[in-house]
Protein chains: 2
Amino acid sequence: MEILDAAAELFAARGFHGVSIEDIGGAVGTSGPALYRHFSGKEALLAEMLLDISERLHTSATSRVTEAPDAEHALDALLTGQIEFALSHPALIIVHDRELGNVPEPARRRIRRLQRLYVEEWVTVLSELYPDCPPPRLRAATHAIFGLLNSTPHSAGELDPAAMAELLRGMARAALADAQS
Amino acid sequence: MEILDAAAELFAARGFHGVSIEDIGGAVGTSGPALYRHFSGKEALLAEMLLDISERLHTSATSRVTEAPDAEHALDALLTGQIEFALSHPALIIVHDRELGNVPEPARRRIRRLQRLYVEEWVTVLSELYPDCPPPRLRAATHAIFGLLNSTPHSAGELDPAAMAELLRGMARAALADAQS
DNA sequence: CGGAGATGTTAGTCATTATTAACGTTACCG
DNA sequence: CGGTAACGTTAATAATGACTAACATCTCCG
């Protein structure tokens, strides 16, 4: 939805509390309280946004993994998915890992759950690939890889997207291969 | 200073606009407006905090690099410094790369400058190590490495600090070696 | 002693802002 | 038509929060 896209850009730039309902309304051409026809409140808007993001990441991951012929290809597919998402929706990436704390409790739990499932998708594939590496280490490595891949908003403009994708994929691959040892 | 430390924790947890002057005062045992005896305002407090962080990172980096016998050791020293900092001051790391947008203009420029110098310190060392790799690619790789190393707040508790440091160092080394190609 | 300076306190002030109220308008459907 | 639902508008309302004012303390040094 247009409202969620505009809100995501604003939240990414100034943070949840740094953006007013008026700001969001203004960004979509309406003024302020019109948004209450679509969302029950500012927090609900954020909740729906984060829920949507974590759902997209998670379902894309599971479908890619189940379609992959082996763990090697599954990892490649996971990398592709995350890199694609990070490069094409930098604002969503930023909001996704900054603003969970502002989501009220009922929705917060569901988002955390999806995030956890997404991480476990990675850990499962990595466990198959590197069976000697203990899961906690793989989990930490996975978070590190997310940090690496999600760095893309910070280095905007240095490289064109294709080169950036290639660079990130290579670095992530190498880092994971090392993490196993 | 105690005030800055408390404010850093709060800013990291709830974001600049999500923390009130009262909150910060409460966290250090005084109440609210007492802070104006030490800072001219909320933004000035944030500015001093970010300035201090970027100064520490930058000066530590230059001193480590100039003391290193060669580029290989210099890179090791840079990795050590960043990992140490990220592991021991997770809140500062978070604030440092989230809240620059809330610093008012005079100070903002100085902070950006220090951050840029810090990045260039890395790029210079990497250029010496991988002379065939174009600087923009090295710059993007450097940002990616920061993302990887700064992931530590997200995977708190998975591994003990020593194991975490070792893991991150290995992954970063491997990722950088790959980035050159 | 006495007064200056550093540091705290509580009670305003004033702006911002989330949310609700009250009130159109348009489009579609019986 | 007529009326209902979807969507917008411009006022309140009410809370929060940054910052200032006015007023203690306390310490330290002459």
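Chain letters run A, B, ... following the sequence lines, proteins first and then strands; every chain starts at 1.
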I need a per-nucleotide contact map over nucleotides 4-18 of chain D, read 5' to 3'. Cutoff is protein heavy atoms under 4.0 Å; write B for the base, S for backbone only, - otherwise.
---BBBBB------S
If hydrophobic clusters are built by linking Ile, Leu, Val, Met, Phe, Trp and Tyr wherever their side-chain heavy atoms come under 4.5 Å apart, do A:L168 and B:V119 end up in the same one?
yes
Audit row: B:R112, B:S54, side chain to side chain donor-acceptor pair (under 3.5 Å) steps and yes/no
CA-CA 9 Å; B:R112 292 200 77 87; B:S54 30; over 6 Å; no
DNA chain C contacts among residues 1-10 of chain B, heavy-atom distance under 4.0 Å
none
Any heavy-atom pair between the side chains of A:P90 and A:I93 that's under 4.5 Å?
no
If we only count heavy atoms from C-beta on, is the B:L57 to B:L114 side-chain gap below 4.5 Å?
no
Using a strict threshold of under 4.0 Å (side-chain N to carboxylate O), is an ion pair present between B:E120 and B:R139?
yes
Gap separating the CZ atom of B:R108 from the CG atom of B:L46, nearest 0.5 angstrom
10.5 Å
Does the plane of the ring in A:F146 sit parallel, tilted or perpendicular to the ring in A:W122? Use 30° and 60° as the thresholds.
perpendicular
